[in-house]
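Each chain gets a letter, A, B and so on, in the order its sequence line appears, and its residues count up from 1.
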There are 2 protein chains.
Amino acid sequence: MRRFKIPEVTVGRLSLYLRCLNELEEEGIEVVSSAELGRRCGVNPAQIRKDLAYFGEFGTRGVGYYVKELMQDIKRVMGLNRTWEVALVGVGNLGTALLRYKGFQRHGFKLSVAFDIHTEGKEVPEGCVLYPASEMERVVKEKGIKMAIVAVHYSQAQEVAERLARAGVKGILNFAPMRIRPPKKVVVKNVDMGTELEILAFYLTMRGAK
Amino acid sequence: MRRFKIPEVTVGRLSLYLRCLNELEEEGIEVVSSAELGRRCGVNPAQIRKDLAYFGEFGTRGVGYYVKELMQDIKRVMGLNRTWEVALVGVGNLGTALLRYKGFQRHGFKLSVAFDIHTEGKEVPEGCVLYPASEMERVVKEKGIKMAIVAVHYSQAQEVAERLARAGVKGILNFAPMRIRPPKKVVVKNVDMGTELEILAFYLTMRGAK
DNA sequence: CCCGTTATGTGGTAACTTTCACAAAAGTAG
DNA sequence: CTACTTTTGTGAAAGTTACCACATAACGGG
């Protein structure tokens, strides 16, 4: 079975496995079975083996998976064995929090440029350069940036996405509370905190909370 | 067909429909067909009708759906025809951004209390009270809060979740980059920005970006 | 009042995802 | 080298979710 159409849930689980493997490595564990990995991250062992089977054979029968090897293999198939430069658009409350968030770097993402209509009085961490929004196309194109995070007001999200697409961006993570329709040849992931809370509200109501 | 086991994707789409209906209302449109609604929010019309059919019959054959009515109906089944008090745990970069984020209020969620180990020098918006983390159980219990947002360091997320559960919280939205295992009788939704970026990286790599 | 038009609600099916269950492979001990 | 244990990789079954297609109902015009 080799890479054709991989379901997004599978890709999400790969990321989860990576997290879990990290912990195992820190604990000094060198080999892990799908049963143990599954127990740790709450996934059916067969599911894990099927997910991995999309990309090749990484285990050893009768033994399991070598933690470090598997980590490398997953990173390779996910394209995480490199650093991704990421542009942030919208340096408001959320944007600033994202800039300061250390988690991205740990995963190989570097927020190296940020854009906002208003640049005055705004501070960005070291290693990141803040530009006025009008410079977006030029800077993104010059730096060859392929990935962007959108954290602008929802009324501007679609337009920003299209400008980014024209500048060569191929993947957008959108935090604006409004679904961006993916421009041609661009992958968009919408993270909608409002929707998440609403889903919670639904299940709480179902279960008769308060 | 009446409420039994509703798939989460369906609930997520209900939230999406709500957004879309809001726009329609603002445009002064009073009636909408599943075809038009589907076109606008990128969902198959039959899918929309099936989703709604879980909860009853809201449309009129030959006509479509009355925008305002449908909004009310969806809000009712989702438990959004009320205000939810929400506790925020962890007032760091992300926590602060979430406190200032206006979107929650618009959707009927009120971040009325916040907790952090260190309260000194931290500011919270009006209408929200900041407490030391040690007060968490007491305050949550007293106020009868059922919903919480966790934005603490990943090493503390699981423990915080369990404390919240003991204090009576039934739903948790977790932003820490680590899956919280749901305590008994608690619904947990994990929002993992690292994973989202990794999924993007995967699809960009697949498509041969850079 | 009847007929044509429109759009819902839903049975059936197709597509997809998860889980089961087992043969095949690798290691180990005698 | 053989017998036994372990755990993978995977075909097939079970379970879910999405979509098609049409009978059914409501509306409107003549």
Side-chain angles (χ1 to χ4, degrees), chain A residues 1-17 20-21 24 29-71 73-74 77 179 199 202-203, chain B residues 1-17 20-21 24 29-74 77 199 202-203:
Chain A
M1 228 190 248
R2 281 214 170 256
R3 41 179 83 179
F4 240 42
K5 228 207 83 199
I6 318 290
E8 186 172 320
V9 272
T10 290
V11 185
R13 279 192 301 263
L14 289 183
S15 168
L16 177 63
Y17 304 155
C20 204
L21 289 165
L24 287 162
I29 295 167
E30 301 199 334
V31 184
V32 69
S33 67
S34 58
E36 170 63 10
L37 188 59
R39 204 188 50 69
R40 288 206 178 213
C41 59
V43 176
N44 180 300
Q47 182 78 80
I48 296 179
R49 299 198 296 272
K50 265 272 154 74
D51 285 340
L52 296 175
Y54 278 111
F55 304 99
E57 304 193 0
F58 304 120
T60 307
R61 298 182 184 206
V63 179
Y65 300 91
Y66 292 95
V67 173
K68 283 186 187 175
E69 266 182 43
L70 187 55
M71 285 177 71
D73 286 328
I74 293 180
V77 300
R179 277 236 186 154
I199 294 173
F202 171 81
Y203 284 112
Chain B
M1 229 191 248
R2 282 217 169 256
R3 41 179 83 180
F4 240 43
K5 229 208 81 199
I6 318 290
E8 184 172 321
V9 272
T10 289
V11 185
R13 281 193 300 260
L14 289 183
S15 168
L16 177 62
Y17 304 155
C20 205
L21 289 165
L24 287 163
I29 294 167
E30 301 199 334
V31 183
V32 69
S33 66
S34 59
E36 171 63 10
L37 188 59
R39 205 188 48 70
R40 287 207 179 212
C41 59
V43 177
N44 181 298
Q47 183 76 78
I48 296 179
R49 299 199 296 273
K50 265 273 158 68
D51 285 341
L52 296 175
Y54 278 111
F55 304 99
E57 303 194 0
F58 304 120
T60 307
R61 298 184 185 205
V63 179
Y65 301 90
Y66 292 95
V67 173
K68 284 185 188 175
E69 266 183 43
L70 186 56
M71 285 178 70
Q72 284 313 309
D73 287 328
I74 293 180
V77 300
I199 294 173
F202 171 80
Y203 284 113

Colleague: What's the CD1-P distance between Ile48(B) and dT10(C), to the nearest Å?
Modeller: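 After rounding, the reported distance stands at 16 Å.
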Colleague: Listed by chain and number, what are the salt bridge (charged side-chain N to carboxylate O under 4.0 Å, His left out) partners of Arg179(A), not counting sequence neighbours?
Modeller: none
Colleague: Nearest 0.5 Å please: distance from the CG atom of Leu70(B) over to the CG atom of Leu24(B).
Modeller: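 So the gap between those two atoms works out to 10.0 Å.
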Colleague: Just the rounded figure in Å: distance from C1' of dT8(C) to CD of Gln47(B).
Modeller: 15 Å
Colleague: In whole angstroms, how far is the P atom of dT16(D) from the CD1 atom of Ile6(B)?
Modeller: 14 Å
Colleague: Take the protein atom CD of Glu8(A) and the nucleotide atom P of dT18(C), then report the distance between them rounded to whole Å.
Modeller: 12 Å
Colleague: Which atom pairs, donor and acceptor, lie under 3.5 Å between side-chain atoms of residues 58-68 of chain A and protein residues at least two apart or in another chain?
Modeller:
none

Colleague: Take atom CZ of Phe55(A) and atom P of dG9(D), then tell me their distance rounded to the nearest Å.
Modeller: 14 Å
Colleague: Using a 4.0 Å heavy-atom cut-off across all strands, classify Pro45(B) as base, sugar-phosphate, or nothing.
Modeller: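 Here Pro45(B) touches no strand at all.
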Colleague: Tell me, please, which residues at least two apart from Arg40(A) pass side chain to side chain donor-acceptor pair (under 3.5 Å).
Modeller: Glu27(A), Glu36(A)
Colleague: Without decimals, in angstroms, what is the distance between Leu16(B) CG and dA18(D) P?
Modeller: 13 Å
Colleague: Hey, which of these two, Val9(A) or Leu52(B), hits DNA chain C nearer its 5' end, going by closest nucleotide?
Modeller: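 Closer to the 5' end of DNA chain C: Leu52(B).
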Colleague: Using side chain to side chain donor-acceptor pair (under 3.5 Å) as the criterion, list what pairs up with Ser15(B), not counting sequence neighbours.
Modeller: Thr195(A), Glu198(A)
Colleague: Rounding to an integer number of Å, can you tell me how far Glu36(B) CD sits from dA7(C) P?
Modeller: 10 Å
Colleague: With heavy atoms under 4.0 Å as the rule, sort Thr10(B) into base, sugar-phosphate or nothing.
Modeller: nothing
Colleague: Name the residue closer to the 5' end of DNA chain C, choosing between Asp51(A) and Phe58(B) according to the nucleotide with the nearest heavy atom.
Modeller: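 Upstream on the strand: Phe58(B).
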Colleague: The criterion is side chain to side chain donor-acceptor pair (under 3.5 Å); which residues satisfy it with Arg49(A), sequence neighbours excluded?
Modeller: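 Scan of Arg49(A) (side chain to side chain donor-acceptor pair (under 3.5 Å), adjacent residues dropped) gives Ser34(A).
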Colleague: What string of B, S and - do you get for nucleotides 20-30 of chain D 5' to 3' if you count protein non-hydrogen atoms under 4.0 Å?
Modeller: BB--BBSS---
Colleague: In this structure, how many angstroms lie between the C1' atom of dT17(D) and the OH atom of Tyr54(B), rounded?
Modeller: 7 Å
